[in-house]
Structure formats: structure tokens, C-alpha cells
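Counting starts at 1 for both ligands and their atoms, in listed order. Along the sequence shown, residues carry numbers from 1.
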Amino acid sequence: MTAWEARGGFHENGKHPRYDNAVEHWRRWPDDFELLKALNVNAYRFSMEWARIQPTPGQVDPTALDQYERMIDRLLELQITPMLTLHHFTHPEWFHKTSPWHERRSVETFCEFANKIVERVADRISLFVTFNEPLVWALAAYGDAKFPPGEKDFDKLFLAVHNMMLAHAETYDLIKSKNPEASVGIAKNFVIFKALRAWNLLDHGLVYLCDGFYNQLLLRAFQRNRLRFHFPFLVNYAAPIALEDRIDFWGVNYYYRLRLRFKMKMNDPISMSFQETSDEGISDLGWEVYSRGLWDVLNLVRSTGKPIYITENGIADADDRLRQQFLSKHLSVVQRAIKKGIPVKGYFHWSLMDNYEWLEGRHARFGLYAVDYSDNKRRLLRDSGRWYADFISKRV
Ligand code: BGC
């Protein structure tokens, strides 16, 4: 069982959405891969669930690993390149009990798990993501307490990020030792921050600090071998970390623009909100769609000199009102970026089908395919999905 299942998600209104087998992809994957193929895509990003592979410490479930292996082989048969993520927010409950991320031994425990996968499939995987949004995970787990373990402790937050980055670096070496040709990266979330009040210098100061922390901290850590962040009166963390540039690409997860307002509250000086000022709409989750922001993010990541994959970009839009325009605007940013020489190597839309959404369960609908929960979880291609498949077929 994952720590997530054990504790449940943490939602503001106290509801803890359960997986409930989510969309049953674990059982229906052969059909789901046909749906994938019908979209004309040539790559697919997915993750392996650690708790399935190691249900208890030291034990490996061979049937789970076998299934993952069959999935990879099938993707390759369909000529779809698998991009494999090793940690996407969840880990076994026993892991959190024995070696939580804020403790140094987490690195060893994670690498033992990573080793099992790498030994088995590294010969067939050319694109690895070690961690999905490590900072988002740590902020939610130790910052605003929405993900398990649901604590509020900045020291632990930074220790966890630090350990995840050490685990990344070790896993990087592990993968390279088995498959030197593989590319190994991290999928990082980026947000465009904007001052809520254009005239307020403190709001602008917040934008500067939040951008430095949220968007740049990890990029710079790989360049400087140092994790460093200072927020007046709140945080002062600086520690050497021997990452030695061990990253082959940056994965960009990009969704929205966020407004910041400074509050006169010592321990809680930031208020965040969305505003609909672009003409691109607001998603079902209230997020401001802002495709121009992707341009800014790509330019920021370009400064690292690393290739870029857009590993997530999508919209919660149950009625499919905005998704097609969302796709078209973001994809034209990608095309423009490539023309300008920004090394964007791939685009993965989030998501193939409506997914279990962490804090919302079934309510946020990100899929190119809708999932009908009232009809045996039937998958239905949305118009925007049809548009996307068409867009791809015209380009190949
Ligand atoms: C996560 C996804 C999630 C998406 C939309 C990203 O932060 O990696 O798992 O579904 O955002 O909330």
C-alpha cells in the first residue's frame, strides 16, 4: 500500500479521495495502449508504482515487474518510446515509516528500489525521469500539509528535497552504468508568478523570491553544487550537494500563471490567487491558462544548456470547452521555440485520459479521452483529442 492510500489525499474540505482502482489502467492497459496509438503519438510517459513492486521492505513482487516489462515491450512494438518515471508523488507506506524522505537513509532505500527496475528494463528505456516534481511533492508533504505525511516543517522540507536530489544523482549513475545511451532527467513544475498589485513593490519582491525558489532552485543546484534559498525571516537554507551536473535533460511541467500578494503576517506572508486576465480562460480547477508563460519557462530552462522535454501540459476541462485552444496555443509556442533554437525534444500532453487527480479524485478531468465512471469506466475520445491526433498526423 502506498503512503497516499494509507493516509488518503488531503483536501481543504477534509475529503480524502481514494484511488478505488482509479481508471483501472493496470488491468486495461492493452486496450489503453491501442487508444494511445490512435492518437498518433510516438512517445508515452508513465510511472511505476513502487508499492506494487516492493509491497514490503526487501520483498519484490515478480508479477508486478513482469507486467511492467510487458507494458514496455508492447509500447516498443507499437513504436511508441516509453519515458519512465521512477517516483511520481507516491511511495510505499513502509518506506515512509522506515526511512522517510527527510532522513538520509531514504537515499539508499530509494536506490535499492531503482536498482531493481534499472537492472530489469534499462536496456529498453532510453528516457528516464527519476523524480516527478520533487519540490511540489516536498511543499505539499511538509509545507502546506496536503500530501502525506501532512506536516508543516520547513527544515524537513529542505532535507527531503536534498535527499531526493542525492537519490537522483545516484540513480543517474546507476542507469548510466547499465545503459550509457539513456537520457536521465527530472520533471519539474514551473509557474509564472505575477504581482497582484502592479504598483506594490512588496508584491514584486515576492514574485522575485518565489520565482527564485520554485522555478530556479533546482536548476541552479545542478550548476552550482549548492542548494541555497533565503526568504527573509522564514527560511535560510544553504548546503553543498555534489550533483556534478548529473542531469541530461529537464522535464517541464507547465500549467498556469499565479498572482502573488504580500500580507503583513510574519509566518504566512504570501497570498496566492488566479485572475482571468489573459483571454485564454480559466480551467475547472480555477487555474489561469497563459500559454505565453510556456515561452518564458522554456527560455529560463534554456539557460541551463540542457535539452528540454515538456513532460506535462494540460487542462482540467470536463466539457472540453477550452482544451483544443489550449493545445493549439501551447503547441505553437513549442513550434516557435524550436524555430528559435530552444532545444525542445518532445511534448507530452497531460493526460491520455481522465486521471485520478491527487486532491480532487475524479473531479478534475485532464483527459484527451473522457472516462465515463457511470458506464464501466468507458473511454471516449474528446473532440480535442481528435484534433490533437489530427495535428500530429499532419506533421509526420
Ligand atoms: C502532477 C500530475 C497532476 C497534474 C495536474 C502535476 O503536478 O505531476 O500528477 O495530475 O499536475 O494537477
Report task. May I ask you to establish whether Arg45 and Trp350 are in a cation-pi arrangement, using a distance under 6.0 Å from NZ or CZ to the six-membered ring centre and at most 45° from the ring axis? Result -> no
Report task. Please confirm whether Lys188 makes a cation-pi placement over Phe190, using NZ or CZ under 6.0 Å from the six-membered ring centre and within 45° of the ring normal. Result -> yes
Query - From the candidates Glu357, Glu133, Glu360, Glu312, the one that places a heavy atom nearest atom 2 (C) of ligand 1 - result: Glu312
Query raised in the report: Taking the minimum heavy-atom distance to atom 4 (C) of ligand 1, which of Tyr254, Tyr255, Phe366, Tyr356 ranks first?
Result: Tyr255
**Report entry** Numbered atoms of ligand 1 (with element) below 4.0 Å of Asn355, judged on heavy atoms
**Finding:** 10 (O)
Query - Per-atom contacts, ligand 1 versus His88 - under 4.0 Å to a heavy atom - result: 1 (C), 2 (C), 8 (O), 9 (O)
**Report entry** Residue Tyr208 excluded, over 12 heavy atoms near OH under 6.0 Å
**Finding:** no
Anything under 3.5 Å between a donor and an acceptor, one on a side chain of residues 228-243, the other on a protein residue two or more places apart or in another chain? List them.
| residue | atom | partner | partner atom | Å |
| --- | --- | --- | --- | --- |
| His230 | ND1 | Asn236 | OD1 | 3.2 |
| Tyr237 | OH | His162 | ND1 | 2.9 |

Report task. Tell me which part of Leu285 gets within contact of ligand 1: side chain, backbone, both or neither, using heavy atoms under 4.0 Å. Result -> neither
Query raised in the report: Which one holds for Trp287 and ligand 1: side chain close, backbone close, both close, or neither close, with close meaning a heavy atom under 4.0 Å?
Result: side chain
Query raised in the report: Stepwise, does the salt bridge (Lys or Arg N to Asp or Glu O under 4.0 Å) test hold for Asp317 with Arg365?
Result: CA-CA 6 Å; Asp317 180 23; Arg365 304 300 190 106; over 6 Å; no
Report task. State if Val136 counts as touching ligand 1 under the rule of any non-hydrogen atom under 4.0 Å. Result -> no
Query raised in the report: Taking the inter-plane angle between the rings of Tyr142 and Trp137 on a 0 to 90° scale, is it parallel (under 30°), tilted (30 to 60°) or perpendicular (over 60°)?
Result: perpendicular
